[in-house]
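Before any comments, here is the structure.
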Amino acid sequence: MKEFRRARRRSVPEPVAVLDTMTEQVIGRLGNVSESGMLLVASAPVVDDALYQLRFHIHDSRGREIAIDVGAHLLWSAQANTPGQAFAGLRFLTIDPAPLAALREWVNAADANAR
């Protein structure tokens with residue numbers, strides 16, 4: 001299937017926790033991610049049109065864990081079929097250059113592995 005989004009996305013089947021850095025609470029896990037946004041599988045309530053400071057971790061090609069801190073805008077949310085969970089689409093507003101480069105490499109590595 002052809003992807004028509006502006007930025008490549010990586011599906012994230014393994015659990016990758018997403019932390020709200022303002023409350024220091026895990027609010028869910030990554031569903032998919034690109035360099036410009038993410039699908040959050042939320043296990044805590046989220047507020048539409050709210051701004052969030054979030055952190056999640058990925059592993060680079062050498063296996064080192066990299067913290068990705070983002071400022072994000074919640075664009076939409078919808079109840080999931082699982083009670084207590086929701087899907088939420090977030091657009092990244094801020095991300096530092098080094099973590100952005102690592103995230104871009106991580107997303108593209110998944111695409112290369114699929115070939």
Side-chain angles (χ1 to χ4, degrees):
M1 187 167 102
K2 190 87 169 151
E3 180 78 29
F4 292 104
R5 297 178 191 259
R6 289 184 200 172
R8 285 190 179 143
R9 291 195 172 263
R10 177 175 179 165
S11 292
V12 186
E14 69 277 359
V16 175
V18 177
L19 179 82
D20 180 331
T21 61
M22 301 302 284
T23 64
E24 293 294 323
Q25 299 293 313
V26 172
I27 63 168
R29 63 179 175 81
L30 288 179
N32 67 46
V33 66
S34 74
E35 64 184 73
S36 61
M38 65 189 253
L39 173 69
L40 173 70
V41 181
S43 53
V46 292
V47 178
D48 283 342
D49 203 34
L51 300 177
Y52 288 90
Q53 290 295 127
L54 303 173
R55 176 179 300 131
F56 57 92
H57 294 86
I58 60 172
H59 290 91
D60 69 9
S61 59
R62 296 182 187 139
R64 294 177 298 189
E65 187 173 85
I66 298 172
I68 307 292
D69 288 299
V70 298
H73 177 217
L74 195 139
L75 301 174
W76 60 269
S77 64
Q79 284 301 119
N81 291 333
T82 304
Q85 287 189 341
F87 296 114
L90 294 112
R91 177 175 51 106
F92 297 156
L93 301 174
T94 60
I95 182 170
D96 287 335
L100 176 59
L103 181 60
R104 183 178 296 129
E105 180 180 314
W106 190 71
V107 168
N108 290 331
D111 191 45
N113 291 337
R115 293 181 192 151

Inset, instruction - Carefully, step by step, assess Val12 and Trp106 under the rule side-chain contact (heavy atoms from CB on, under 4.5 Å). - result: CA-CA 11 Å; Val12 186; Trp106 190 71; 4.0 Å; yes

Legend entry - Residue pair Gln79 / Ala86: nearest heavy atoms and the distance that separates them: OE1-CB, 4.1 Å

Legend entry - Closest approach of Pro99 to Ala67 (non-hydrogen atoms, all atoms of both residues): CB-O, 4.2 Å

Inset, instruction - Can you measure from CD1 (Ile68) to CE (Met38) and round to the nearest 0.5 angstrom? - result: 11.5 Å

Inset, instruction - May I ask you to decide if Met22's main-chain N or O and Tyr52's side chain share a donor-acceptor pair within less than 3.5 Å? - result: no

Legend entry - Heavy-atom closest contact (Ala17 atom, Val26 atom, distance): CB-CG1, 4.1 Å

Inset, instruction - Could you tell me the separation between the CG atom of Leu19 and the CD atom of Gln25, rounded to the nearest 0.5 Å? - result: 8.0 Å

Inset, instruction - Under the side-chain hydrogen bond (donor to acceptor under 3.5 Å, both in side chains) rule, collect the residues that match up with Asp48, sequence neighbours excluded. - result: Ser77

Legend entry - Linked, directly or transitively: Val46 and Leu30 (ILVMFWY side chains, under 4.5 Å): yes

Inset, instruction - Mind checking salt bridge (Lys or Arg N to Asp or Glu O under 4.0 Å) for Arg64 and listing every partner two or more places apart, or none if nothing turns up? - result: Asp60

Inset, instruction - Please go through Leu93's hydrophobic cluster and name the other residues, only I, L, V, M, F, W, Y counting, with side-chain heavy atoms under 4.5 Å joining them. - result: Leu51

Inset, instruction - Could you state whether Leu90 and Phe56 fall into the same hydrophobic cluster, counting links through intermediate Ile, Leu, Val, Met, Phe, Trp or Tyr residues with side-chain heavy atoms under 4.5 angstrom apart? - result: yes

Legend entry - Joint cluster assignment, Val18 & Ile95, ILVMFWY side-chain distance < 4.5 Å: yes

Inset, instruction - With sequence neighbours left out, write down each residue that passes salt bridge (Lys or Arg N to Asp or Glu O under 4.0 Å) with Arg104, or none if nothing qualifies. - result: Glu35

Inset, instruction - Report the C-alpha separation of Ile58 and Val33 in whole Å, then their side-chain angles, then the decisive distance to 0.1 Å, and conclude whether the side-chain contact (heavy atoms from CB on, under 4.5 Å) test is met. - result: CA-CA 11 Å; Ile58 60 172; Val33 66; over 6 Å; no

Inset, instruction - Measure the CD-CG distance between Gln85 and Leu40 for me, rounded to the nearest 0.5 Å. - result: 9.5 Å

Inset, instruction - List for me each residue that meets salt bridge (Lys or Arg N to Asp or Glu O under 4.0 Å) alongside Asp69, sequence neighbours excluded, and say none if there are none. - result: Arg55

Inset, instruction - Kindly work out whether a path of hydrophobic side-chain contacts (I/L/V/M/F/W/Y, heavy atoms less than 4.5 Å apart) joins Leu74 to Val41. - result: no

Legend entry - Pair Arg10-Asn32, side-chain contact (heavy atoms from CB on, under 4.5 Å): steps then yes or no: CA-CA 5 Å; Arg10 177 175 179 165; Asn32 67 46; over 6 Å; no

Inset, instruction - Under the side-chain hydrogen bond (donor to acceptor under 3.5 Å, both in side chains) rule, collect the residues that match up with Ser34, sequence neighbours excluded. - result: Ser36

Inset, instruction - Might you point out which heavy atoms bring Phe92 and Ala72 nearest each other, and give the distance in Å? - result: CD2-CB, 4.2 Å

Inset, instruction - Quick one: closest heavy-atom pair of Val16 and His57, and the distance? - result: CG1-O, 3.4 Å

Inset, instruction - Verify the cluster assignment for Ile27 and Val70: are they in a single hydrophobic cluster under the rule of side-chain heavy atoms below 4.5 Å apart? - result: yes

Legend entry - Closest non-hydrogen atom pair, Phe87 against Trp76: O-CZ3, 3.7 Å

